[in-house]
There are 2 protein chains.
Amino acid sequence: MPYSLKDIPFFSALDDQALKRLERISYFKTYNAGELVFYEGDMPTKLYILVDGVLRLYKTDSKGHEIYIHQFTPTSMVGELANFEQIPFPASARFITKGAVLKIEFKDMEEDFFKNPEISMQIIKSLTRKVKILSNVIHHEMILTSEAKVAKLIDENAEIFEKIKNNQIAQIINVSAETLSRTLTKLKHNKIISIDDKYVITILDRDALKKLYIDL
Amino acid sequence: MPYSLKDIPFFSALDDQALKRLERISYFKTYNAGELVFYEGDMPTKLYILVDGVLRLYKTDSKGHEIYIHQFTPTSMVGELANFEQIPFPASARFITKGAVLKIEFKDMEEDFFKNPEISMQIIKSLTRKVKILSNVIHHEMILTSEAKVAKLIDENAEIFEKIKNNQIAQIINVSAETLSRTLTKLKHNKIISIDDKYVITILDRDALKKLYIDL
DNA sequence: CGATACATTGAACAAATTCAAAGCTGGTGG
DNA sequence: CCACCAGCTTTGAATTTGTTCAATGTATCG
């Protein structure tokens, strides 16, 4: 296994003694694309540090649809809320690529973690990031219309259309493939964007595009 | 002004020197019911500690409707995400009752805050709470149907119907008053609940009630 | 008692998903 | 080389879930 605790920026502040203790209560685990790391509703026993790959966080609705929340890339702490609060995971996590996590027996580590000011700072950063992510999810899903979501995505990350299929993009912004298709057609028709045969999007009228999702 | 820094559990760990510094860069402000503390989109300059009253956090959608996020009661830190990250407030805050906040010039305090392990711990707790709140908002608004929201509210907090008007309850769970009315009628009709003339709800079939919002 | 707010009900509307069918596209094997 | 198939995309129609609008009914409280 080529992974090492030393390579995790998160623990750079731990002294050798603490690192030894951490080594004893943690291990690396690799995953293949598609494998689940934890499931919504499960009680947590481990804290996760994503060290390799892309890990998708999602919820499942009553009809069995996945609602995309976020995709993490290394190095990220995952599952801290459930661990800190001893509550079931509020979402599921599945690897999109192959990857690896460090699994930590959190309870055994709690003291070392919260006593160490450097680690506390890291935790604060991680939690702050989560609040920001969730706050964005709320804005995205409760405030923006489908058209606004598409407009925002194009404005902020038009290149994604060259990289992945509309299919997958629709999943990421939580709209149906049909709605995405119809919205793109509408934007083209309104001369706000154009799309070539290689899925390269050209923004013809950025002001109009922004107006579709800014303010509200 | 009857408020004192000493009464804020949050700062119990600060030494006299730090307290003095804090005193110099903070002040208490009282509000009447209905007054705004900050507005979605504004850039933050101050960090807030709610010390009195009920403070509602909400977002505004494109049609000008308020989307209820949470109501804070003392003692709560409010606005830390925007302050830590130097980003616009993602939501607005308005007092529901009369109340008061401590306003802190955050930048001047940052070092004292993050260096002190007790305060770091408090910040971690506060952020953890925020993640939990937002996670619940997402579950509530993206997973549950209107009927599920009403069922959950009745199961967890049926007494609220005796305390406030359906009107207000509808706002809190983000459904229209009409939808709430129709859902209550349906639950009564299905013999899952009954409501007397004083708005006291009796749950006749708790299993059926739970089934309406548990799993999904 | 009468004004004002709150609750209920039905009908129209809105936004997006679902379902179904048809059109493309790109890679593979014959 | 091209015919085919599987997987995307597109399009239209039906459906779903809730809000909005309007009217009426019911409390409540000076």
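The chains referred to below are lettered A, B, ... by the order of the sequence lines, with proteins before strands, and numbering in each begins at 1.
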Would you say [X] places a side-chain N or O within less than 4.0 Å of OP1 or OP2 belonging to [N]?
X        : N      : result
A:His65  : C:dT17 : no
A:Ser146 : C:dA16 : yes
A:Ser176 : C:dA16 : no
B:Thr145 : D:dT17 : no

May I ask you to decide if [Y]'s main-chain N or O and [X]'s side chain share a donor-acceptor pair within less than 3.5 Å?
X        : Y        : answer
B:Lys59  : B:Pro90  : yes
A:Ser76  : A:Phe72  : no
B:Ser181 : B:Ala177 : no

Query - Which residues share a side chain to side chain contact (heavy atoms under 4.5 Å, CB included) with B:Leu36, sequence neighbours left out - result: B:Tyr39, B:Tyr58, B:Ser92, B:Arg94
Query - Partners passing side chain to side chain contact (heavy atoms under 4.5 Å, CB included) against A:Thr179 (at least two apart in sequence or in another chain) - result: A:Ser146, A:Val175, A:Ser176, A:Thr183
Query raised in the report: Counting only non-hydrogen atoms, which of residues 149-168 of chain A are less than 4.0 Å from DNA chain D?
Result: A:Lys165, A:Asn166, A:Asn167
Going by the rule ring-ring contact (aromatic ring centres under 6.0 Å, His included), which residues pair with [X] if we only count those two or more places apart in sequence or in a different chain?
X       : value
A:Phe84 : A:Phe106, A:Phe114
B:Tyr68 : none
B:Phe10 : none
A:Phe89 : A:Phe38

Atom-to-atom span, [atom1] of [X] to [atom2] of [N] - whole angstrom:
X        : N      : atom1 : atom2 : value
A:Leu180 : D:dT9  : CG    : C1'   : 10 Å
B:Gln171 : C:dC6  : CD    : P     : 10 Å
A:Lys63  : C:dT18 : NZ    : C1'   : 9 Å

Query raised in the report: Which dot-bracket notation, 5' to 3', represents the base pairing of DNA chain C when pairs are defined as Watson-Crick or G-U with both distances under 3.5 Å, crossing pairs as [ ], and inter-strand pairs as |?
Result: ||||||||||||||||||||||||||||||
Report summary line: What residues 184-191 of chain B contributes to the DNA chain C interface at heavy-atom separation below 4.0 Å is B:Thr185
Requested in this report: Could you list all the side chain to side chain donor-acceptor pair (under 3.5 Å) pairs where at least one residue sits in residues 47-56 of chain B, not counting sequence neighbours?
Outcome: B:Tyr3-B:Asp52, B:Arg56-B:Gln171
Query raised in the report: Could you give all pairs that pass the side chain to side chain donor-acceptor pair (under 3.5 Å) test and reach residues 147-159 of chain A, with sequence neighbours left out?
Result: A:Glu141-A:Lys149, A:Glu147-A:Lys186, A:Asp155-A:Arg206, A:Asp155-A:Lys210, A:Asp155-A:Tyr213
Filtered N/O pairs between nucleotides 20-28 of chain C and protein, under 3.5 Å:
none

Query raised in the report: Any ion pair linking B:Glu162 and B:Lys198 (charged N to carboxylate O, less than 4.0 Å)?
Result: no
Query raised in the report: Is the gap between the ring centers of B:Phe161 and B:Tyr199 under 6.0 Å?
Result: no
